[in-house]
Engineer: 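Here it is: the structure, laid out below.
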Amino acid sequence: MRGFASPLAAGLALAMSVFAAPAAAEDEAPRWSLAIHGGAGTIARADMTAEEDAAYRASLQEALNAGAKVLAEGGEALDAVEAVILILEDDPKFNAGRGAVFTWEGGHELDASIMDGRNRDAGAVAGVSGIRNPILLARKVMTDSPHVMLAGEGAEVFAAEHDLERVPNEWFDTDFRREALERVKAEKLSALDVDAKFGTVGAVALDTHGNLAAGTSTGGMTGKRWNRIGDSPVIGAGTYADNRSCAVSATGWGEYFIRVGVAHEICTRLRLAQTHDQDTLVAAMERTVEADDGELVYNAGRIAANEAQEIGDAVMRDVKTLGGDGGIILVTPEGHALYSFNTEGMYRGRATSEGASEVAIYGDE
Ligand code: ASP
């Protein structure tokens, strides 16, 4: 079995990129910020036709625009995250919703999660079939159940009780994903050999009210068996949002992201980094203060973009040290929108209230 810890992958430097938000003045218009991804992996210019390249960029831009519109109109971070992921789930180019990879048995088992940075409410579904938009189901679990994560048939019963749209299994099928499964079976390959691009989708957002949210959706890995579940629906691994620190969505070799607890690890390091010269560690852990109206407010310190970038990169280096790869997107309460990935490329994009709006694919752009 060939893993991603190949000499080529090992030789690649962490791809780093940052959009730094300027310091906020008291009278400045409220800021918003959005970052999205459509999976990381071996995505080389030489392997993409001009048409494929353009098609991926157009899809990413459409999803980015949908989320940016919500935020620019003063909408909620959760709604922006949902708007982005709905478009990417319905787009067959990505490994989420329609276009999800095939399981060993030729079906599709979908995973998704969403998290609200205001109060750390979270919802997730794992191994669900026949649900058109798993991100909507994850959000329902968050808002309409006392639970955080539902799996398999139980999650589908819950979906039926909440009128989530069902589609036949074939709705998710695509020829190129079926070929990937056939190759896995015929050549006794691992999913990693055929899924050189992971294809999971995700979004993280800061809204004009100062709230963060994160969401992730995936079909998992080609030829997965035994109800294998990756990091995407695991709160703290593939998704995390906390107004005190950041919002993160991940894509990559899920087992490693679970072991590192990637999304939570990044947020925790950011939260503790805010303590520099301001606070004791204990005080930082207890930054929740009660405002006059009784609302709980997180009294976050400010953090520089390069500091947040270093933290994201350090956690991705840790993933690589263990042998895993992939990438993350990150938004901070200050509005920094960042990516970090240790693969050749990552389908990604970001937009901010300062006018940034960009999509990218390869590590060198
Ligand atoms: N992280 C996903 C999983 O392991 C795969 C991906 O990112 O595409 O299920």
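Indexing begins at 1, ligand by ligand and atom by atom, following the structure's order. Just so it is clear, the model here is predicted, and its values are computed rather than measured.
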Engineer: Residue-level breakdown please: for S232 versus ligand 1, do any non-hydrogen atoms fall below 4.0 Å on the side chain, on the backbone, on both, or on neither?
Structural biologist: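 Looking at S232 and ligand 1, just side chain atoms fall under 4.0 Å.
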Engineer: Under a single-linkage definition using a 4.5 Å side-chain heavy-atom cutoff for Ile, Leu, Val, Met, Phe, Trp and Tyr, are F341 and Y240 assigned to the same hydrophobic cluster?
Structural biologist: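 Looking at the clustering, Y240 is in a separate group from F341.
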Engineer: Write down the atom of C246, the atom of C267, and the distance for their closest heavy-atom approach.
Structural biologist: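 C246 and C267 have their closest heavy atoms at SG-SG, 2.6 Å.
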Engineer: Can R228 be said to touch ligand 1, with heavy atoms closer than 4.0 Å?
Structural biologist: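 Yes.
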Engineer: Indicate, with yes or no, if I85 and V141 share a hydrophobic cluster defined by side-chain heavy-atom contacts under 4.5 Å among Ile, Leu, Val, Met, Phe, Trp and Tyr.
Structural biologist: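 Same hydrophobic cluster.
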Engineer: Taking only heavy atoms of D231 into account, list the atoms of ligand 1 that are under 4.0 Å away from them.
Structural biologist: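 Under 4.0 Å from D231, ligand 1 has these atoms: 1 (N), 2 (C), 3 (C), 4 (O).
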Engineer: Distance-only criterion, 3.5 Å: show the donor-acceptor pairs between side-chain atoms of residues 146-154 and protein atoms not counting sequence neighbours.
Structural biologist:
none

Engineer: List every atom of ligand 1 that sits less than 4.0 Å from any heavy atom of T251, numbering the atoms from 1 in the order shown and giving each element.
Structural biologist: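 Near T251, the atoms of ligand 1 are 6 (C), 7 (O), 8 (O).
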Engineer: Check whether any side-chain N or O of R348 sits under 3.5 Å from a backbone N or O of I328 as a donor-acceptor pair, and report yes or no.
Structural biologist: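 Between the backbone of I328 and the side chain of R348 there is no qualifying donor-acceptor contact (under 3.5 Å).
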Engineer: Between W104 and K185, is there a cation-pi geometry (under 6.0 Å to ring centre, at most 45° from the normal)?
Structural biologist: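 Yes; both conditions hold, so K185 lies above the ring face of W104.
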Engineer: Between K93 and F176, what is the shortest heavy-atom contact and its length?
Structural biologist: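 Shortest heavy-atom separation between K93 and F176 comes out as O-CZ, 4.1 Å.
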Engineer: If the contact criterion is a heavy-atom separation under 4.0 Å, does G326 count as touching ligand 1?
Structural biologist: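 So G326 does not count as touching ligand 1.
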Engineer: Between G252 and ligand 1, is there a nitrogen or oxygen pair with a distance under 3.5 Å?
Structural biologist: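 It does: an N or O of G252 is found under 3.5 Å from an N or O of ligand 1.
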Engineer: Please could you name the atoms of ligand 1 that G199 approaches to less than 4.0 Å, counting only its heavy atoms?
Structural biologist: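 Every atom of ligand 1 under 4.0 Å from some heavy atom of G199: 8 (O).
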Engineer: Which ligand 1 atoms are under 4.0 Å away from a heavy-atom of G254?
Structural biologist: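 It comes down to these atoms of ligand 1: 4 (O).
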Engineer: Considering the heavy atoms of T200, write down every atom of ligand 1 situated less than 4.0 Å from one of them.
Structural biologist: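 Going through ligand 1 atom by atom, the ones under 4.0 Å from T200 are 2 (C), 5 (C), 6 (C), 7 (O), 8 (O).
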